[in-house]
Amino acid sequence: EDGGPNPEKDCGHDRGGMGEEVKRKEDRRFITGRGNYVDDIKKEGMLHCEIVRSPHAHANVESINTERAEKMDEVVAVLTAEDLAAHDLATMPTLMDDTQEVLVRDKVKFQSQEVAAVIATDRYAAKDGAERVEVEYDTLDPVVEAEKAKDEDAPVVREDLDQDDNHIFTWETGDEEATEEAFEEAPVTVEEDMYYQRLHPAPIETCGCVADWDQDDEKMTVHMTSQAPHAHRTLFSMVSGIPENKVRIVSPDVGGGFGNKVPIYPGYVVAAAASYVLERPVKWVEERSENIQTTSFARDYDMTGRIAATEDGEITAVDVDVLADHGAYNAAAQPSKFPAGFFKIFTGSYDIEHAHGTVDAYYTNTAPGGIAYRCSFRVTEAVYLIERMVKALAQELDMDPAEVRRKNFIPKEAFPYESSTGWTYDSGDYERALDKALESVDYDELREEQQRRIANDDDKLLGIGLSTFTEIVGAGPGKQCDIAGVEMFDSAEIRVHPTGNATVRIGVQTQGQGHETTFAQIVAEELGLDVEDVTVEHGDTDTEPYGLGTYASRSTPVGGAATAVAARKVREKAKSIASNELEVAEEDVVWDRQSGAFHVKGAPDRSLTIEEIAGASYMNSPPDEEPGLEAVDYYDPPNMTFPFGAYVCVVEVDRETGEVDIRNFYALDDCGNRINPMIVEGQVHGGVAQGIGTAMLEHVTYDDEGNVTAGDFMNYLLPTSMEIPEIETDYTVTPSPHHPIGAKGVGESPTVGSPPAVVNAVVDAMEHAGVTHVDMPMTPDRVWEVLDDAGLAI
Ligand code: CDP
């Protein structure tokens with residue numbers, strides 16, 4: 001099952017089931033401009049909210065004068081922390097149990113922090129009003145980098161806490177003593193410093209909401225760009241004191257999330273409070289620069305990796321120390337028991353006996369964050385670390401990096417495999433993936449071309465970068481993983497209607513991934529329905545079953561599993577009805593997946609489809625069976641799934657300009673059984689583009705005063721189609737043994753796996769001159785400096 005004709009496509013029917021490249025149902029409304037995003041929502045009497053933000057990164061608020069704003073005819077109200085405090089809404093909890101001010105009361109802790117809010121009859125007036133709010137600040141010295149925040153005499157960011165330094169936590173994993181011993185005994189050790197820079201997830205649609213308090217019903221309805229509507233309903237209820245059954249969160253179409261829309265931001269709380277006080281709907285929608293400068297960032301891990309090995313390249317130990325910048329509040333969005341997310345997957349695809357790692361996190365005067373940007377909670381940083389270290393080891397040993405990988409892969413017979421940091425990998429076949437990748441790109445020929453260029457003193461150097469990563473996606477299990485205390489299960493409810501079509505309601509929330517199609521495919525496969533006859537609904541907490549939301553590629557591993565199990569429950573009931581209809585014992589009724597029908601054992605022509613059974617279940621239900629045909633499943637996964645990939649990036653490095661041209665990007669992904677190969681391919685294209693942006697362009701930078709110097713798209717550079725090469729996708733299929741349909745997640749694999757492939761390629765191009773590392777983003781000036789230092793520049 002490693003390529004050639006698509007093995008899963010042969011599902012034996014054409015109803016749009018598993019493995020079919022069904023066109024995305026949702027695209028009709030998207031490409032005809034009929035998507036319905038938060039900013040499209042207009043309500044009778046709706047007001048607009050604009051936030052007054054601090055120009056300083058660290059400053060005491062001396063006074064706030066709202067008079068000039070309040071005098072404007074269009075301004076209905078100006079809110080400050082005092083007003084919120086009157087309703088007990090001055091602070092809100094972050095997902096990591098920190099307390100964040102909704103509007104600053106005393107001290108600003110990062111540039112653009114929320115200080116006041118103006119509510120007006122239109123957006124322009126609200127903005128004018130915000131400019132008329134006069135705030136007097138007394139500026140303080142800021143601390144902008146984690147390295148400086150460590151200093152004993154560094155300014156203290158969080159004087160509201162019971163501590164006089166900036167330390168947040170120290171987290172540790174693995175066996176330090178055994179790892180140190182392995183390092184002492186190892187004939188070869190390599191150390192490398194690398195910085196995974198601060199990134200912004202940059203969804204096309206910024207964050208926003210329309211809050212609408214209904215005084216008659218005493219109910220708060222919030223339409224918001226949420227990746228996790230149910231969790232947000234619980235948090236809204238907890239923060240506001242409004243009973244949860246009187247809070248309705250609706251996520252309409254969401255224009256990209258990438259982790260940015262998992263946390264709750266002050267704007268949501270302000271809009272809801274304003275609606276409550278004014279008894280009118282209030283809309284708050286961020287501008288682009290507000291989104292970049294204030295909503296949660298990702299990464300910002302300063303890492304020192306060490307790797308120990310034998311002379312022939314067998315890795316014996318890995319160790320890593322991380323200095324993490326969490327900004328002004330600990331507002332990472334991840335399961336609460338994992339302060340460093342899933343970073344402890346840093347042994348990667350390799351069978352490494354000894355491992356040890358620490359993460360030290362600090363507050364700084366920068367926006368809060370540490371969210372999982374298209375990544376399973378710090379797995380991206382972990383993958384970068386190990387994939388870079390394996391390359392560094394190969395370089396030290398003068399071995400081919402493919403060989404070092406092959407030598408250390410967890411062998412396929414070893415699954416389920418327990419890693420030295422305590423994960424149980426479900427399944428994998430890394431060598432097959434690597435072999436296929438090397439063959440597909442003609443690796444040997446590439447290596448020859450590289451040598452030819454060096455021998456000819458060519459102006460452009462060739463670099464070949466590999467990344468053979470493993471991911472960990474699909475959080476829960478609930479006992480291990482929770483968000484704000486709620487266990488990380490997910491859910492699906494299926495109703496088959498009397499005329500034989502179905503509505504599926506799911507707890508996960510699409511932001512462009514195509515769930516309306518793929519989740520319908522799962523049901524089509526399991527129930528023998530045509531995919532066109534299955535409608536998927538999501539995003540409304542009044543109607544959908546409770547789920548923890550979509551991020552960290554958990555939809556398919558958890559929500560997809562719930563959907564398959566719910567469908568099987570429906571099928572179980574259908575079987576009993578079929579036996580009644582066919583007048584045979586239940587054990588004599590068999591399900592035929594190919595025809596999508598039940599038939600009498602040994603008599604295939606005596607059959608009934610789900611459509612026919614649905615009719616019977618409402619119109620002729622058996623005496624001992626409840627009428628109707630529906631089921632719900634809350635699925636708590638027994639383990640996570642471990643998708644993997646083998647990526648090859650080929651670059652040309654211009655010795656004259658430092659420019660890096662990505663000539664070819666090959667991405668082989670194994671996400672187990674694929675529901676829709678076309679959608680999987682689309683996910684890989686998007687993720688690789690984001691990974692290339694990470695490697696080459698993106699970085700949220702600050703100056704020494706804490707001013708965000710890359711706070712808009714002129715300075716925070718996103719890749720465009722000009723920078724993205726043709727991406728060649730490929731796959732192998734290693735099903736997850738514990739997932740009901742053998743699927744693993746895939747959405748974030750390419751963002752996680754591609755940055756090290758690109759960096760390894762650039763280093764590879766220059767390693768003959770002793771270059772061992774280039775930090776991201778690898779802008780031409782940075783690469784040129786490295787070329788110059790190595791004597792390669794011309
Ligand atoms: O949680 P999120 O939807 O971001 O990630 P995912 O579960 O990896 O799914 C991304 C998209 O790819 C969804 O439409 C999935 O149903 C689809 N997918 C698939 O077709 N086959 C897989 N094995 C995994 C995902």
Side-chain angles (χ1 to χ4, degrees), residues 6-9 11 16-27 201 203 227-228 254 256-262 372-377 379 426-427 471-476 488 490 492 504 506-525 531 536 538-539 547-564 635 637 640-645 669-687 690 729 731-736 739-753:
N6 180 349
E8 317 109 275
K9 225 181 151 183
C11 60
M18 278 293 288
E20 294 279 346
E21 300 198 325
V22 176
K23 287 205 174 138
R24 293 175 19 132
K25 286 163 167 255
E26 45 270 82
D27 281 353
Q227 290 179 238
V254 178
F258 310 116
N260 187 241
K261 294 168 180 177
V262 176
Y373 160 32
R374 203 167 182 172
C375 133
S376 200
F377 319 119
V379 74
D426 59 348
S427 63
E471 263 255 70
I472 171 168
V473 302
M488 294 183 77
D490 234 287
V504 184
I506 53 177
V508 291
Q509 168 62 44
T510 190
Q511 310 121 44
Q513 295 94 327
H515 294 175
E516 287 167 44
T517 309
T518 48
F519 282 65
Q521 285 182 259
I522 296 173
V523 175
E525 179 67 39
V531 71
V536 174
H538 51 86
L548 271 291
T550 291
Y551 39 87
S553 292
R554 65 185 297 280
S555 301
T556 304
V558 195
T563 306
Y635 186 84
M640 279 174 265
T641 66
F642 293 72
F644 57 94
D669 276 280
D670 191 321
C671 56
N673 291 332
R674 300 181 301 170
I675 303 161
N676 185 326
M678 179 192 70
I679 286 182
V680 169
E681 194 178 16
Q683 293 286 306
V684 175
H685 283 175
Q690 289 180 310
T729 57
Y731 68 98
T732 52
V733 177
T734 312
S736 167
H739 189 278
I741 55 170
K744 303 180 178 186
V746 76
E748 66 202 29
S749 288
T751 345
V752 169

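For reference, positions follow the sequence shown, starting with 1. Heavy atoms only: backbone and side chains are in, while hydrogens, waters and symmetry mates are out. First listed ligand is number 1; within each ligand, the first listed atom is number 1. Every value quoted in this text rests on a predicted model; they were computed, and no experiment measured them.
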Query raised in the report: About how many Å separate CD of E748 and OG of S553, when rounded to the nearest 0.5 Å?
Result: 3.5 Å
Extract all N/O-N/O pairs under 3.5 Å that connect ligand 1 to the protein, and present each with both atom names and the distance rounded to 0.1 Å.
{"residue": "ligand 1", "atom": "1 (O)", "partner": "R554", "partner atom": "N", "Å": "3.3"}
{"residue": "ligand 1", "atom": "1 (O)", "partner": "S555", "partner atom": "N", "Å": "3.0"}
{"residue": "ligand 1", "atom": "1 (O)", "partner": "S555", "partner atom": "OG", "Å": "2.7"}
{"residue": "ligand 1", "atom": "3 (O)", "partner": "H515", "partner atom": "NE2", "Å": "2.7"}
{"residue": "ligand 1", "atom": "3 (O)", "partner": "S555", "partner atom": "OG", "Å": "3.2"}
{"residue": "ligand 1", "atom": "4 (O)", "partner": "Q513", "partner atom": "NE2", "Å": "2.9"}
{"residue": "ligand 1", "atom": "7 (O)", "partner": "T556", "partner atom": "N", "Å": "2.8"}
{"residue": "ligand 1", "atom": "7 (O)", "partner": "T556", "partner atom": "OG1", "Å": "2.7"}
{"residue": "ligand 1", "atom": "8 (O)", "partner": "V746", "partner atom": "N", "Å": "2.6"}
{"residue": "ligand 1", "atom": "8 (O)", "partner": "G747", "partner atom": "N", "Å": "2.8"}
{"residue": "ligand 1", "atom": "9 (O)", "partner": "T556", "partner atom": "OG1", "Å": "3.4"}
{"residue": "ligand 1", "atom": "14 (O)", "partner": "Q513", "partner atom": "O", "Å": "2.7"}
{"residue": "ligand 1", "atom": "14 (O)", "partner": "T518", "partner atom": "OG1", "Å": "3.0"}
{"residue": "ligand 1", "atom": "16 (O)", "partner": "T518", "partner atom": "OG1", "Å": "2.8"}
{"residue": "ligand 1", "atom": "16 (O)", "partner": "T556", "partner atom": "OG1", "Å": "3.2"}
{"residue": "ligand 1", "atom": "20 (O)", "partner": "I675", "partner atom": "N", "Å": "3.3"}
{"residue": "ligand 1", "atom": "20 (O)", "partner": "N676", "partner atom": "N", "Å": "3.0"}
{"residue": "ligand 1", "atom": "21 (N)", "partner": "I675", "partner atom": "N", "Å": "3.0"}
{"residue": "ligand 1", "atom": "23 (N)", "partner": "C671", "partner atom": "O", "Å": "3.2"}
{"residue": "ligand 1", "atom": "23 (N)", "partner": "N673", "partner atom": "O", "Å": "2.9"}
{"residue": "ligand 1", "atom": "23 (N)", "partner": "K744", "partner atom": "O", "Å": "3.1"}

Query - For E26, side chain to side chain donor-acceptor pair (under 3.5 Å) partners two or more places apart - result: T517
**Report entry** All side chain to side chain donor-acceptor pair (under 3.5 Å) counterparts of Q521, not counting sequence neighbours
**Finding:** N676
Report summary line: Residues passing the side-chain contact (heavy atoms from CB on, under 4.5 Å) test with A475, sequence neighbours excluded, are F342, F377, C481, M488, M640
Report task. Applying side-chain hydrogen bond (donor to acceptor under 3.5 Å, both in side chains) between T734 and each of D670, N673, D426, report the one that passes. Result -> D670
Query raised in the report: Can you tell if the side chain of V523 reaches within under 4.5 Å of the side chain of T563, non-hydrogen atoms only?
Result: yes
